[in-house]
Amino acid sequence: MTPTESADRSVPVTQRAIERIKERIADGTLKPGDRLPTERELASDLGVSRSSMREAIRALTTLGVLEARHGAGVYVTSLRPADLLETFSVLAEVSQGETLIEVLQVRRMLEPAATALAAARADDAQLRRLGEILNRMEAGGGSDEADADADAYADTVSADLTFHQAIVEITGNATLAAINDGLSSRTFNARVWRGHREAGITARLREDHERIYRALQARDPDAARAAATMHVLEVERWLRADLTDDVG
């Protein structure tokens, strides 16, 4: 038995089946939109039990690699980054404490580069859309009063998320956009705005977004990168202070 065969046998059967199907997709044997052979045929071909094959198909379906069509069989999906990274989106939603800080640190690596690229690529229509989103954010987040209209404030949180998503979409990189979505969280955004409102400092967030928008309007990649970096750092500093307060 070769070392490769020995290592292969040490991998759980279901995982082996998953890897074999992925290999066939990677080498082009199975292409986006192709129908898979029947469960029985695949199990026989790959030398695994039907139950293991069933588990493998279920796992790849959850990951967005395969899709089951009722009465029609199992197919390879379009393999779009947004589909394949959909399960990744739970990361920012459920992260807490130091893990959430790590998520922000990753955002600090990616968002400034994406914003700089957007500044170089944005057309007039895209800039107008960003301006409209920014206006929505301003309309709902213009007050630090505790009794500020709840619906308006919810729209601010939504507009904040949409603003950053729209910037990354301008880069034209679908994989980057999907990763950015995974690192973003409506729940966390709401927490950030609520915390800044309670401290009476939502002006900082508004100024950050305005600074980013001005750099994009000027089509200045360096200024856009700096503005995005400052924004994520502001949120990261706030989170560290908030976590310290929770511990205290």
Side-chain angles (χ1 to χ4, degrees), residues 81-82 85 89 92 100-144 152-197 199-242:
L85 290 169
S89 65
L100 190 52
I101 289 175
E102 290 179 358
V103 169
L104 282 173
Q105 288 171 338
V106 174
R107 283 180 54 184
R108 182 149 49 90
M109 297 174 197
L110 296 180
E111 281 189 29
T115 307
L117 184 56
R121 293 185 175 180
D123 59 31
D124 290 344
Q126 290 168 327
L127 288 173
R128 281 196 299 274
R129 181 184 177 224
L130 285 173
E132 292 167 359
I133 297 169
L134 188 61
N135 288 337
R136 277 178 50 205
M137 202 184 309
E138 292 286 331
S143 172
D144 287 319
Y153 229 83
D155 195 47
T156 292
V157 172
S158 176
D160 183 356
L161 201 60
T162 303
F163 182 78
H164 292 288
Q165 289 172 333
I167 290 173
V168 179
E169 286 170 7
I170 292 172
T171 68
N173 188 315
T175 300
L176 179 58
I179 292 172
N180 176 72
D181 286 349
L183 294 172
S184 304
S185 162
R186 190 174 302 275
T187 302
F188 179 63
N189 262 31
R191 177 181 170 187
V192 170
W193 278 94
R194 184 172 60 251
H196 279 66
R197 180 178 60 175
I201 54 174
T202 55
R204 292 183 186 177
L205 294 178
R206 295 196 299 274
E207 289 166 3
D208 281 355
H209 290 93
E210 289 166 1
R211 190 179 298 110
I212 291 170
Y213 181 58
R214 287 196 301 270
L216 290 166
Q217 277 188 310
R219 293 182 169 83
D220 186 334
D222 290 337
R225 180 183 289 105
T229 300
M230 287 177 63
H231 175 53
V232 182
L233 275 172
E234 158 62 24
V235 176
E236 186 180 327
R237 281 194 296 264
W238 171 83
L239 177 61
R240 288 185 183 279
D242 190 56

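Between the CD atom in Q105 and the CG atom in L233 there is a gap of 10.0 Å [rounded to 0.5 Å]. Rounding to the nearest 0.5 angstrom, the gap separating the CE atom in M230 from the CZ atom in R204 is 11.0 Å. If you take CZ on F163 and CZ on R129, they are separated by 11.0 Å, rounding to the nearest 0.5 Å. Here the straight-line distance linking atom CD of E234 with atom CD of E207 works out to 9.5 Å at 0.5 Å rounding.
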Under the side-chain contact (heavy atoms from CB on, under 4.5 Å) criterion, do R191 and S185 qualify, and how do the steps go?
CA-CA 10 Å; R191 177 181 170 187; S185 162; over 6 Å; no

Verdict with reasoning, M137 to L134, per side-chain contact (heavy atoms from CB on, under 4.5 Å):
CA-CA 5 Å; M137 202 184 309; L134 188 61; 4.3 Å; yes

Show, in sequence, the C-alpha distance, side-chain angles and deciding distance for L161 and V157, and conclude whether the side-chain contact (heavy atoms from CB on, under 4.5 Å) test is met.
CA-CA 7 Å; L161 201 60; V157 172; over 6 Å; no

Just do the side-chain contact (heavy atoms from CB on, under 4.5 Å) check on L104 and R108 with the steps written out, would you?
CA-CA 6 Å; L104 282 173; R108 182 149 49 90; over 6 Å; no

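Of the residues I133, L130, D208, I167, the one that meets the side chain to side chain contact (heavy atoms under 4.5 Å, CB included) test with Y213 is L130.
Closest heavy-atom contact between L239 and F188: CD1-CE1, 4.1 Å.
The main-chain N or O of D123 is found under 3.5 Å from a side-chain atom of Q126 such that the two form a donor-acceptor pair. Checking side-chain atoms of R121 against main-chain N and O of I170 turns up no donor-acceptor pair under 3.5 Å. For the pair H196 (side chain) and V192 (backbone), a donor-acceptor distance under 3.5 Å is present. A side-chain donor-acceptor contact under 3.5 Å links T229 to the backbone of R225.
Salt bridge status for E236 with R240: present, with a side-chain N to carboxylate O gap under 4.0 Å. Salt-bridge check for R219 with D124: passed, with a basic side-chain N closer than 4.0 Å to an acidic carboxylate O.
Between E111 and L183 the shortest side-chain heavy-atom distance does not fall below 4.5 Å.
Side-chain contact annotation: H209 with D160, donor-acceptor N/O pair under 3.5 Å present. Judged by distance alone, the side chains of N180 and Q165 never bring a donor and an acceptor atom under 3.5 Å apart.
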